[in-house]
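One-based numbering along the sequence shown.
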Amino acid sequence: MAAVVAAAAPLFVLALSAVFLSHDEGLRHDNVNIGYHSSADSLPSFATFREYQAQPEASSKHQDQSDHHCSHHTDTDRTLADVLRRFDVHSDAFVRHRALVEEFISEATTYLPRLSPLLTGVTTHHDGSSFEGTRIAEAADFDMYAVLTWDQILRHFELLRGAEGRIAARLRPDVNRDALPTDLARLVRGDGYLDALRFKRWVFDRLEEALRLTAKAHPDLRAGVYSTRGAAGVDLTAPDGARLEVDLTAQLAAPPMDGVIRPEAVTPCGLQLVSPDLPTPWSVYSNLKLTSSQSTSDTVANSDGISISTTSPSTTNHDENSAESNEDDEDDEDEDEDRWFIINSMKLERNLLSAKPKLRDVIRLLKSISAAHGWKARFHVDSFVLKHVAFWSFSEDCGSRTWSADGGLKSATVASLRTFERALRRGRMDKFFVGPPADSVFAFINGGGPAMELLANEVGDIVRVLTGEDQYAIKSLFRVM
């Protein structure tokens, strides 16, 4: 990577494609054995781009080709395959853009240990539809997240389970607070809990600085670093003039802990998502929303002369409906919220999508329906919700042909929509991987119960169209005429 940093910008771009296409061969089978201690995402977790063309995203192409030889495939199956074909092939520009993002973020992480010893060993991982194979547009997101190692942070703490899938980290009784690394000691509250808000502001300050240093090294990319209430980010200008927006978040690697992950979710329908001799991977992150106000603390220079802030901002919004709370007032009732982290199971999710490519096809169809009917704008139904719909439907129909390789797209899509409708009428859908107690994936649906009832009715109407024979009406569901 040092050679890339020193090279001129054109060489940097040329190196990207070579780096991206050099990944090991991806998964080919339904049994997935992914280790917990991999240093970072290497596309075997969800196939290389070459295999992407041959397997996951092209699975609907193979499905379409087999339709001519399988009498049980319907006209609707072929219509849905036609819908998916629009997303099957990555353009050359898309491949170059995805590779550029990967390499830029990879280089940015090399600066992190210089910003704080706590950031030694940080790895970056893919998130978002561009990397997991569920995109439905050329301009897909390129989100990534950085994982801080257990050795650097959480080994000093005991983890406590709270309601709604939350985790708190409290200093272990045998840990002397005064002996903690200086940066870590600043993030610990007076009651011994790791402060989720302070951690988020602290790590985001350093992620932003790493992005700025990388941007400075590559002026031809005209990178603009920014921050939102939930992520650090950078806008890159590709050599072809395209604007690439990358959100970078942070998580903490967590140790094995009983009850955090549902045992059934580690082997859904007999698929082994983790090697039996390895712990189940999970991590935690803060979902507290930072305000737009900047840090009120002093800015200091570290040993490398890099300017960084030493504390966090004074206020936060926990969600759109909550009031702001003062971080420094530990007597405030809202201060207890600042000690809670959220359980993340991204590695397991990615492994499941790799093990069952048909899930990706169904998720793309669900996302296409959602986009055509404005579900995100009207109800705040995002891809997180739709992926859980597909996961639960898959686990409920293990014994049927619905999710088999030759089962067709119609049956799996209809089954998923029916799962969605039933859950909406119940008013709740649990997270697929997180063990109870966990919050509902419907927690942020706009409008509460009445909105869920309205959405359930729409989903029911769509099921009736899909189970009919009117292909024109079916195409209209996706705005494809």
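Of the inter-residue distances, the one linking Asn287 atom CG with Ile342 atom CD1 reads 4.0 Å to the nearest 0.5 angstrom. Within the model, atoms CG of Asp235 and CZ of Arg222 stand 11.5 Å from one another, a figure rounded to the nearest 0.5 Å. Remark: Leu119 CG to Leu207 CG distance equals 7.5 Å, nearest 0.5 Å. Atom-to-atom distance recorded for Arg339:CZ and Arg170:CZ is 8.5 Å, nearest 0.5 angstrom. One finds the OG1 atom of Thr120 at 10.5 Å from the CG atom of Asp151 (value rounded to the nearest 0.5 Å). Note: Arg114 CZ to Arg206 CZ = 14.0 Å, rounded to the nearest 0.5 Å.
Applying side-chain contact (heavy atoms from CB on, under 4.5 Å) to Pro281 and the options Val147, Val266, Leu348 leaves one that passes, Leu348. Partner of Phe199 under the side-chain contact (heavy atoms from CB on, under 4.5 Å) criterion, chosen from Leu252, Leu288, Asp338: Leu252.
Below 30°, between 30° and 60°, or above 60°: for Phe391 and Phe432 the angle between ring planes is between 30° and 60°, a tilted geometry.
Less than 6.0 angstrom separates the ring centroid of Tyr145 from the ring centroid of His125.
Between Phe142 and Leu236 there is no side-chain heavy-atom pair separated by less than 4.5 Å. Residues Glu132 and His126 form no side-chain contact, since every pair of their non-hydrogen atoms from C-beta on lies 4.5 Å or further apart. For the pair Ile363 and Ser383, the minimum side-chain heavy-atom distance is 4.5 Å or more. You'll find the side chain of Val188 reaches within 4.5 Å of the side chain of Leu171, heavy atoms only. Looking only at side-chain heavy atoms (C-beta outward), Val83 and Arg86 come within less than 4.5 Å of each other. Side-chain atoms of Leu187 and Arg198, non-hydrogen and from C-beta on, do get closer than 4.5 Å to each other. The side-chain heavy atoms of Leu386 and Ser370, taken from C-beta on, include a pair separated by under 4.5 Å. Within the 4.5 Å cutoff, the side chain of Val362 has no heavy atoms near those of the Val389 side chain.
Residue Arg243 places its CZ atom among 12 or fewer non-hydrogen atoms of other residues, nucleotides or ligands, all under 6.0 Å distant.
Closest of all the heavy-atom pairs between Ala108 and Thr214 is CA-OG1, 3.1 Å. Across all their heavy atoms, Phe394 and Cys269 have their closest contact at O-SG, 3.4 Å. The minimum heavy-atom distance between Pro437 and Ala163, with the atom names listed, is CG-CA, 4.2 Å. Minimum interatomic distance between Tyr226 and Val234 (heavy atoms only, all atoms of both residues): CE2-N, 3.2 Å. Pairing each heavy atom of Ala223 with each of Ala215, the nearest pair is CB-CB, 3.5 Å. Closest of all the heavy-atom pairs between Glu208 and Ser227 is OE2-CB, 2.9 Å.
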side-chain contact (heavy atoms from CB on, under 4.5 Å) between Trp340 and Ser286, intermediate numbers included: CA-CA 7 Å; Trp340 294 109; Ser286 170; over 6 Å; no

Chi angles and distances behind the side-chain contact (heavy atoms from CB on, under 4.5 Å) call for Arg166, Ile343: CA-CA 6 Å; Arg166 302 194 297 179; Ile343 297 169; over 6 Å; no

Test side-chain hydrogen bond (donor to acceptor under 3.5 Å, both in side chains) applied to Asp240 and His97, step by step: CA-CA 9 Å; Asp240 60 6; His97 296 163; 2.8 Å; yes

Arg189 vs Asp336, salt bridge (charged side-chain N to carboxylate O under 4.0 Å, His left out): CA-CA, chis, key distance, verdict: CA-CA 10 Å; Arg189 297 164 22 138; Asp336 280 343; 3.7 Å; yes

Residue pair Phe384, Lys431: steps toward the side-chain contact (heavy atoms from CB on, under 4.5 Å) verdict: CA-CA 10 Å; Phe384 174 78; Lys431 289 182 177 178; 4.0 Å; yes

CA sep, side-chain torsions, deciding dist, call: Thr149, Leu118, side-chain contact (heavy atoms from CB on, under 4.5 Å): CA-CA 8 Å; Thr149 67; Leu118 297 183; over 6 Å; no

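Trp392 contributes no side-chain N or O that, together with a main-chain N or O of Ser416, makes up a donor-acceptor pair within less than 3.5 Å. The backbone N or O of Val441 lies less than 3.5 Å from no partner atom in the side chain of Arg428, so there is not a single donor-acceptor pair. One N or O on the side chain of Arg378 and one on the backbone of His373 form a donor-acceptor pair closer than 3.5 Å. Looking at Thr228, its side chain does come within 3.5 Å of a backbone N or O of Ala231 through a donor-acceptor pair. No donor-acceptor distance shorter than 3.5 angstrom exists from the side chain of Ser345 to the backbone of Phe433, with no hydrogens or angles considered. Distance alone, capped at 3.5 Å, is enough to place a donor-acceptor pair between the Asp382 side chain and the Val385 backbone. Using modelled atom types, one side-chain atom of Asn351 and one backbone atom of Leu273 make a donor-acceptor pair closer than 3.5 Å.
Under a 4.0 Å N-O distance rule, the pair Arg201/Asp205 qualifies as a salt bridge. Using a 4.0 Å cut-off between charged nitrogen and carboxylate oxygen, Lys356 and Asp361 do not count as a salt-bridge pair.
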